[in-house]
Amino acid sequence: MIATIVWTIVIITVLGLVLAAILYFIAKRFKVEEDPRIDEVEAVMPGANCGGCGFAGCRAFAEAAVKAPNLDNNYCPVGGNPVMQKVAAILGYEVKEKLPMVAVVRCNGTCENRPRTNYYDGLKSCKVKAALYTGDTGCSFGCLGCGDCVSVCKFDAISMDPDTGLPVVDETKCTACGACVKACPKGIIELRNKGPRNLRVFVSCINKDKGAVARKACKAACIGCGLCVKTCPHDAITLVDNVAYIDYEKCKLCRKCVAVCPTGAIHDVNFPKPVERVSKQKPAVVKTPVEKTVKTEA
Amino acid sequence: MSHTFSIGGIHPGERKISRDCSIEAMPVPDTVYISVAQHIGAPAKPIVAVGDKVVTGQPIAEPGGFVSAYIHSSVSGTVKSIGPRKDLAGKQQTTIEISVEGDEWAEDIDRTDSLVTVIPDDNKAILEKIRTCGVVGLGGATFPTHVKLSPPPGKKCETLIINGCECEPYLTSDFRTMMEKGEQVVVGTAIIKQVLGVDKAVIAIEDNKPEAISHMKEIIEKLFKLSSKFSGISVMPMISKYPEGGEKQLIDAVMHRQVKSGGLPIDVGAVVQNIATALAIYDAVQKNKPIIENSITVTGDCLEKQRNLMVRVGTPLSYIMDYAGGIPADAVKIISGGPMMGKAVSNPDAATLKGTSAILFLTSPQTERKIQSQCIRCGRCAEACPMGLEPFLLNKLALNDDDEGLEANAAQDCIECGCCLYSCPANIPLLDVIRVAKAKILGIIKARAKAAAQSK
Amino acid sequence: MTMTKLQLITKGFIKDNPTFVLVLGMCPTLATTTSAINGMSMGLATLFVLVLSNMAISAVAPYVPDKVHIPAYIVIIATFVTVLQFLMQAYTPAMYETLGLFIPLIVVNCIVLGRAEAFANKHTVIESACDGLGIGLGFTLSLTLLGMVREILGTGSVFGWKFITGDGILAFVMAPGAFLCLGYLMVLFNKLAKKNK
Amino acid sequence: MNRLIVSPSPHLHAEVSVRSLMLDVVIALLPAVVVSVIFYGLRELSVLAVSVISCVLLEYLITKYLLKKQNTTGDLSAVVTGILLALNLPATTPWWIVFIGSVVAIGVAKMTFGGIGQNVFNPALTGRVFLLISFPKYLTRWEIPTGLFGKGMGTDAVSGATPLTAIKEGLMQGSSVHDIMTAHGYSYGQMLFSNIGGSAGEACAIAIIIGFVYLLLRKVIKPYITLSILGTVAIVSCLFWLGDPSRFTDPLFNLLTGGLLLGSTFMATDYATSPMSIKGGLIFGIGIGFITLMIRYFGSYPEGVSFAILIMNSLVPLLNRWFKQKKYGRA
Amino acid sequence: MNEILHKGRIVEMDRDFTTVEIISASACASCHAAGLCGVSEYTKKAIKVPSALSTNHHVGDEVDVALKQSMGNKAVWIAYAIPLMILMALILILSSLHLEELYVGLFSIAGVAVYYFCIFLFRKVLAKEYIFYIKN
Amino acid sequence: MVLCLFTVCLACSSVLAAVYVVTKAPIDKAAAAKTTKAIALVVPDFDSDPEESAVSLNGQEMNYYTVRKNGEIAGYAIESTTSGFGGPLTLMVGVTPDGKVYNTSVLVCNETPGLGAKCLTDKAFINQFKNLDPAVEHLSVKKDGGDVDAITASTITSRAYTLAISNAVEAFKNIKGE
Amino acid sequence: MEYFLIIISAIFVNNIVLSQFLGICPFLGVSNKLSTATGMSAAVCFVITLSTIVTYLLNKYLLDPYGLTFLQTIAFILVIAALVQTVEIVLKKTSPSLYQALGIYLPLITTNCAVLGVAITVVTKQFTFGDPAHMLNLGEAAVYAFATAVGYGVAMIIFSGIREHLALNDVPKPFRGIPIALVTASILAMAFMGFSGLV
Ligand SMILES: Cc1cc2nc3c(=O)[nH]c(=O)nc-3n(C[C@H](O)[C@H](O)[C@H](O)COP(=O)(O)O)c2cc1C
Ligand SMILES: Cc1cc2nc3c(=O)[nH]c(=O)nc-3n(C[C@H](O)[C@H](O)[C@H](O)COP(=O)(O)O)c2cc1C
Ligand SMILES: Cc1cc2nc3c(=O)[nH]c(=O)nc-3n(C[C@H](O)[C@H](O)[C@H](O)COP(=O)(O)O)c2cc1C
Ligand SMILES: Cc1cc2nc3c(=O)[nH]c(=O)nc-3n(C[C@H](O)[C@H](O)[C@H](O)CO)c2cc1C
Ligand code: SF4
Ligand code: SF4
Ligand code: SF4
Ligand code: SF4
Ligand code: FES
């Protein structure tokens, strides 16, 4: 009995020490120097791993943020400023406030505005369709309606409106990750400033055709008439290749351009009252298909 | 003894219903619209200005690069505009619009029907003729012929294959060309043979065109008696199977060699030219006539009268359709080209190009895609693929964005023949997906090659 | 983000359930759940080792240099496992026989060493005990659940109480049934867990 | 001009559809179904009915309520599964066991993997093997064929052994193959045209061969897999048999008994669970043939086709990976 | 194609070598339970890649370090398969000689040790062969 | 560091040794109880420790235990192995000094669950062998002309079971003969 | 013949994963790519065989003579841990490039209960081929360990093939990953039951 006890102790101790010696070498070889802040940062990240920040995932972002000298180039579009504040607090950096962004669809070629010229019968994919031809309407710039943007959105923020055949962005869900922007073969979706109290004005068309051609293809097309450019008191609008573009940094939301646009190509969203239209003609916009209006928390 | 290629292939039916209609010249329209992007490679650069008077056969655009081609006016008249116009897919292409006034031809063109069998000896001059006459491959790819006929140094052509397979259902313009202009085709063949310096030329014709086979055999025999320049040309009957006329498949069938992935036919000592291209070469070299017209099959089961028409380049499709009696009431799809590889027309106002070979009308039951279900892994697509690929796998890899897998499984080798999509019982749009994936992979390969070249 | 002791104990039930969520310790989970009672015994055995080793490790952790903590922990854990073996052999020999190989294998159960490394290492004895209790209870619960399902389907009884005459679906007490039940339970569990959230 | 359809090429499509293929399989199975009903009577009919109806119903319910996908029952693949499952069970199987088999076949082996074409294992066989393991009492009781108007649904059916079971049992007692065969009075003619005990589908070899020829003519299946299975069984059993004819059964016996013909014609050729390339198919077949014989000769189960097919099913992804058809221009 | 990829980040670059830190080389580290299971050693390993093969990258870039699959297979072969065969062969041969089991066992293990020593002697050759390179 | 590990090892091994010492007695008792329990199941009441010995039958060694009550031999528990459907089937067969089978229990069974494995649970089958007099009843299954009702669809197992018992009875005769 | 039976039994009839339930965690964790699965299998084979031999000797020449078999658990785990680490060090010292190429597999093996499971089985299990009370000798122990590990490799490789295939299919969302792997393992286990009785 005593022998058993002694042997027990001897064997275990010797084995333990041999093992320890070996493990000691190992441990010396790879010391894991992990910055504990990486875990902390990762913990405050949204965890969507969407890649919207340009890194492989939230952890990769956290590592990059910890390593970087400041946070200028690291911004999580999904978490937005609140998350970045937290990250900054952990790391002791300043964050530049970024204006919240949202995806907008710059096409107003609803079924009514844009008469169909043919039917597409291939794989329901904008990419495939775009590679084949310009689409089933006369407009060769507009939305193809197969919803590539819808399927890439990880946040369920885009859906196809069956009435208009156009995608609709739910601005409460959109995190401005930009996945849809990349997915659209037509370059229709743009990330824009969300705007004060979610008020925005933008040109919902990218048709570069000459006015007459554009108009024939779509009632709501921007025809490049330049009225808005002349009207805008803040020099926010430029006209290139027959389309107007409103620079959101300069736009003061006066909506004068909306009033003069003869085709209703300029959209104003979330404004409480519609603007008085100057042109006699009924605007082509039947319903505002671009954004779901939401109650905003100031 | 008929020959055929060794991998895959399908029998989509022949439907050569316009085979007995001889080629008739179609009246010249009031206006033609000639695109400067009629060939593979850089678009041509217009050399005329708005308001210029032009005559038929006069060059109106010059090559925009090494792989590019001359373009000639197909009518006489005044240049009305030069600017963007929609092609048959609705894309804007720079187009020269010419309103037709009379039918005055450039003087040096020999417009007689006489057969010129004496072939000039100066190969350089011949190539120059081919170049200045804007000859491009008429078998589908419209690759500038003079480039193809100048193999890079070190590469030697051993066999010239003249592609008379016309393996697509419905198409008959090559067949009619062989029947009506067989002599010219053979002389064209002899010219290519001489330019390439090969001893052997094979005219490959599918055995569903027995008349053409015997007719061409007779002509070769006849011409062989005239001159030794016509020696070494033979006719090879091919088993009717789609895509027998595919360049790679044809080389496999005729020479039992396979072009390596990413390689060119010349790597295995082959040059393939279409029947109509051979005719165009004859016209260019012997008659000084550039490509200003081509034969187009106008067909479809729903069409009352089938036709093979000789049409000036740049004629609006709608004009041809009106001439042929308008669009049939039950036609839902108009295809430029054959039903397997042709392009569906979304803009009937688009004009013909040099390479336009057919206008085909299909009805809804013939063409409409059936509801797609899940892949049942029946293997029919893989069995049909003439490149030995696994379309079902490529489809899944593409949907999973697995670029490495796509490249490893040779998505870049797809020749877009459509055999897979045709065969799939689950109606999976295989080729739709693979085509996009192939483009992506080719882009990656190209970028990689470029990077490798840079780092050297 | 520190958790209360209660949270520590309950987190293993759903949120960090070692079987259905973390997918750890699969071997005993599959092998010993031929009946509810076997599953439960295995769970309790693991719980025993987990709690004691967690406590012991958190007690000695401050004095064990970093470099040798793995061997030290292995020794500690193996000791408790062997103690468990002695106790079971002495007082529940039948159950010891049934669970067989899987009792000594508790040593290599990822859960045990994992908790030692990830938790006990850095926490107090009490907290570590709670943590071990929580994870161990979670493990016990899911093993019992799995054992119950397999027993019901496989033999038509629960905890040995037979409620149908005749046989059950025998495959469920055999290897295929183990995998099958675990697979479907995992889906079901995660669905319910998500709904509860 | 707005009725024009535009789509990528090709613009023509072959006539076959999933439904037409499955319909062909059902037609090819009809001889075996008819023969089994003739031999085993109404009970077999009820097994078939329960199996087919529950397979189809389960697929419908699962696609509709659990997966919320497009309904796929119209493609008839569940009907094929149902028929094959039924043909693999004894006619005496109680209806609730058949139902459990369908649940495993459709619910577990097919729909869990995502439905038609996605499954790794043959659904009908998974169902059958599950039942064999779970209810050996019912699955090892074979009824002597009694004919269409023989005994009804009663309990007093005469139960007997299948030839393979008889052989296995006899060998265990130390008899020789020849003695067992003569004791039971088995003849090859009987095996070809029926009247031996076994699952309904193996009752009559001729009926299955007719189905095989039909499938070949309709180009639904390729002969490689089936023939390589049969060839392997023939050759390997021949070797064993020549070695010791008292312990090992002869090739013809092996070809005609058990579910070998049924399995190699209808189950090993299932698209989703067999290799794509010819070479892969040959190896697949050889594997099935070999494993089947090993189980028959040395294992404790008298019959091994089902297991052999399932085991080789699991290798299909690897076979597909390692044995691809030759690509053009790639040595 | 046929490569084993490791995600890594460049930590150092000089004219000859680019040092890449492999972030999740261990399958464990990317495992869902990594946080819980301390044994899985979330290791960072530095791998040196010839700089010539990694054009236009910068310190901090996330890159894929690739090892040719055939190389990976060969590595597995050299490190495990061959010693395993040696071990089995020795055990079987020696035990068929009816030696005392202790010696059979010790000799076999010694055989493996000798094998590893041989690898040690050839380490230069191996080092050349197992080149890692940076992808994209 | 070494010291620390040393301490841990020392502590642990001491704990182990201590627990070992404490539990040694109960463990040995439990192990002994296991055999005794198996024996007690198949023989009549006894008060002695079972005596283990072996007997050979047709060249095969068979283990058996002799138990006594008040010094008198109360019975023999004979381990008997035959081959069943799924492998060896080992029984403990209790035989009373007058040569009757007192009871049987299964030690090793690899039979198919639901079929042969019923020999562990099927009361009707097992009870046939309680207090069975081999002189009166014919020890083989009905199919082979004996008196034993086989388990449904498991003739092979039943045969093996029966054979094991009759082997034990034969062995008993040898024991007696010695 | 004995060896042959051991091999068939260990690979097919009593497959370590599909019927003995050992080493399931890495089996589920590392079997999603064929290349990793192959590497892992080779590593496991080597480690299982080597450590079985060592623990066998330890048991026979150290524990058994001194009546210490109750220390098996603790002694074996220590030896195995040390052994795995030794291999790692040896590899690292001898050929750093080799080591870099393999780094993935080693840490996984330490937590693999298959290694300890086989080591314990070998010294406790009685094999019933012929003689019911026969304990394995060293040669048989090595063959048994090797064959068991090959069985692990076979299961792993088959499985990785299936999982790579499943990754391309649309398995219903809740089943993706581990659950479908378990269902697959279930059917595979059923199929492997066909081998029962082979030895
Ligand atoms: C981008 C490109 C480059 C080519 N370069 C050559 C060349 O250098 N020499 C040559 O003989 N053919 C060349 N070809 C022609 C092809 O070999 C082939 O004849 C042509 O694509 C027509 O084939 P298809 O109608 O089967 O598509 C080239 C084709 C393409 C598309
Ligand atoms: C699938 C497929 C089918 C083809 N079928 C034909 C055909 O039937 N006849 C033909 O002349 N060219 C056919 N081609 C084009 C040939 O590959 C090749 O481009 C042509 O013969 C080269 O001659 P060219 O440069 O004179 O056009 C086909 C190409 C593909 C990809
Ligand atoms: C999967 C399977 C397992 C079996 N297991 C057993 C068994 O454990 N015991 C047995 O005696 N027979 C077993 N058998 C054999 C059959 O049940 C055989 O038909 C039976 O032993 C003889 O039938 P009978 O007992 O009704 O006369 C098995 C057969 C199969 C197919
Ligand atoms: C030739 C052929 C054989 C088939 N064999 C089977 C079979 O053995 N078992 C089965 O469940 N379904 C079978 N099916 C039906 C169907 O393909 C099967 O359910 C798929 O496995 C579902 O993915 C078969 C279908 C065809 C076309
Ligand atoms: S709508 Fe576009 S930008 Fe907004 S979350 Fe979705 S994908 Fe990202
Ligand atoms: S916005 Fe772009 S991606 Fe979205 S449906 Fe329209 S074309 Fe497609
Ligand atoms: S389209 Fe491409 S993938 Fe499809 S059959 Fe043709 S070559 Fe093969
Ligand atoms: S033909 Fe269609 S269903 Fe058949 S394997 Fe190919 S993709 Fe799948
Ligand atoms: S590997 Fe066996 S429990 Fe994890």
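Scope of the values below: all heavy atoms of this structure, side chains included, with no hydrogens, waters or symmetry mates. The model shown is predicted, which means the values in this text are computed figures rather than measured ones. The chains referred to below are lettered A, B, ... by the order of the sequence lines, with proteins before strands, and numbering in each begins at 1.
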K.L.:
Looking at chain D, which one of A410(B), C424(B), G263(B), S423(B) has the largest number of heavy-atom pairs inside 4.5 Å, strictly under?
P.N.:
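Highest number of heavy-atom pairs under 4.5 Å: A410(B).
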K.L.:
Would you mind checking which part of V345(B) comes under 4.5 Å of any heavy atom in chain D, side chain (CB onward), backbone (N, CA, C, O), both or neither?
P.N.:
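Backbone only.
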K.L.:
Between S20(D), A14(D), G114(D), which shows the greatest number of heavy-atom pairs under 4.5 Å with chain B?
P.N.:
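The candidate making the most pairs under 4.5 Å is A14(D).
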K.L.:
Could you tell me which portion of L393(B) (side chain, backbone, both or neither) has an atom closer than 4.5 angstrom to a non-hydrogen atom of chain D?
P.N.:
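Looking at L393(B), just its side chain touches chain D.
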K.L.:
Count the heavy-atom pairs under 4.5 Å between each of L389(B), L360(B), V332(B), L431(B) and chain D, then report the option with the highest count.
P.N.:
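Most pairs with chain D among the choices: V332(B).
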K.L.:
Find the one option among S277(D), S274(D), G117(D) whose heavy-atom pairs under 4.5 Å with chain B are most numerous.
P.N.:
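Most heavy-atom pairs under 4.5 Å with chain B: G117(D).
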K.L.:
Pick from K326(D), Q70(D), E15(D), K324(D): which one has the most heavy-atom pairs with chain B under 4.5 Å?
P.N.:
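So the answer, after comparing K326(D), Q70(D), E15(D), K324(D), is K324(D).
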K.L.:
Counting only non-hydrogen atoms closer than 4.5 Å, does C375(B) touch chain D with its backbone (N, CA, C, O), its side chain (CB onward), both, or neither?
P.N.:
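Backbone only.
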K.L.:
Is D267(B) reaching over with its side chain to a backbone N or O of L264(B), donor-acceptor style, under 3.5 angstrom?
P.N.:
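Pair found, side chain donor or acceptor close to backbone of L264(B).
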K.L.:
Of all heavy-atom pairs between T232(D) and I286(D), which one has the smallest distance, and what is that distance?
P.N.:
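Reported closest heavy-atom pair: OG1-CA, 3.3 Å.
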K.L.:
If you take all heavy atoms of I334(B) and I359(B), which pair is closest and at what distance?
P.N.:
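I334(B) and I359(B) have their closest heavy atoms at CG2-CG2, 3.8 Å.
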K.L.:
When only pairs under 4.5 Å are counted, which of G379(B), G418(B), P12(B), C378(B) shares the most heavy-atom pairs with chain D?
P.N.:
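Most heavy-atom pairs within the cutoff with chain D belong to C378(B).
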K.L.:
Identify which of K370(B), E168(B), E383(B), H11(B) forms the greatest number of heavy-atom pairs closer than 4.5 Å to chain D.
P.N.:
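When all of K370(B), E168(B), E383(B), H11(B) are compared, E383(B) has the most.
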K.L.:
Can you tell which of N119(D), V16(D), I5(D) has the highest number of heavy-atom pairs within less than 4.5 Å of chain B?
P.N.:
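The option with the most such pairs is I5(D).
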K.L.:
Counting C-beta onward and ignoring hydrogens, is there a side-chain heavy-atom pair between V56(D) and E59(D) closer than 4.5 Å?
P.N.:
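V56(D) vs E59(D): side chains apart.
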K.L.:
Would you confirm whether N427(B), through its side chain, and S373(B), through its main-chain N or O, come within 3.5 Å as a donor-acceptor pair?
P.N.:
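Flag not set: sc N427(B) to bb S373(B) has no pair under 3.5 Å.
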K.L.:
Would you say the side-chain atoms of D87(B) pair up with the backbone N or O of K91(B), donor to acceptor, closer than 3.5 Å?
P.N.:
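It does hold such a pair.
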K.L.:
Can you confirm whether L250(B) sits close enough to F5(B) that some side-chain heavy atom of one is under 4.5 Å from a side-chain heavy atom of the other?
P.N.:
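A side-chain contact under 4.5 Å is absent here.
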K.L.:
Who among Q249(B), R435(B), E390(B), Q374(B) has the most heavy-atom pairs with chain D under 4.5 Å?
P.N.:
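Top count of heavy-atom pairs under 4.5 Å with chain D: Q374(B).
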K.L.:
Is it the case that the side chain of Q325(D) and the backbone of A382(B) share a donor-acceptor pair, with hydrogens and angles ignored and the cut-off at 3.5 Å?
P.N.:
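Indeed, once roles are kept as given, a pair shorter than 3.5 Å links the two residues.
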K.L.:
Check the side chains of T172(B) and E166(B) for a donor-acceptor pair under 3.5 angstrom, ignoring hydrogens and angles.
P.N.:
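Checked: E166(B)/T172(B) side chains show no N/O donor-acceptor pair below 3.5 Å.
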K.L.:
So which part of P429(B) gets closer than 4.5 Å to some heavy atom of chain D, the side chain, the backbone, both or neither?
P.N.:
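When you check distances to chain D, no heavy atom of P429(B) falls under 4.5 Å.
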K.L.:
Taking every heavy-atom pair that is under 4.5 Å apart, which of Q366(B), E416(B), R257(B), R380(B) has the most such pairs with chain D?
P.N.:
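Sorted descending by pairs with chain D, the first entry is R380(B).
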K.L.:
Counting only heavy atoms closer than 4.5 Å, note whether L421(B) contacts chain D via side chain, backbone, both or neither.
P.N.:
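Both backbone and side chain.
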K.L.:
Examine whether an atom of M340(B) lies under 4.5 Å from a heavy atom of chain D, and if so say whether it belongs to the side chain, the backbone or both; otherwise answer neither.
P.N.:
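When you check distances to chain D, atoms from both the backbone and side chain of M340(B) fall under 4.5 Å.
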K.L.:
For the salt bridge (Lys or Arg N to Asp or Glu O under 4.0 Å) test, which of R218(D), R19(D), K219(D) pairs with D24(D)?
P.N.:
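Filter result, single survivor: R218(D).
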K.L.:
What part of I371(B) is in contact with chain D, defined as an atom under 4.5 angstrom from a non-hydrogen atom: side chain, backbone, both or neither?
P.N.:
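The side chain, not the backbone.
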K.L.:
So for L12(D), is it side chain, backbone, both, or neither that comes closer than 4.5 Å to the heavy atoms of chain B?
P.N.:
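L12(D) touches chain B through backbone and side-chain heavy atoms alike.
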K.L.:
Looking at F361(B), I'd like to know if the NZ or CZ of K333(B) sits under 6.0 Å from its six-membered ring centre while staying within 45 degrees of the ring's axis.
P.N.:
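Here K333(B) fails the 6.0 Å and 45° test against F361(B).
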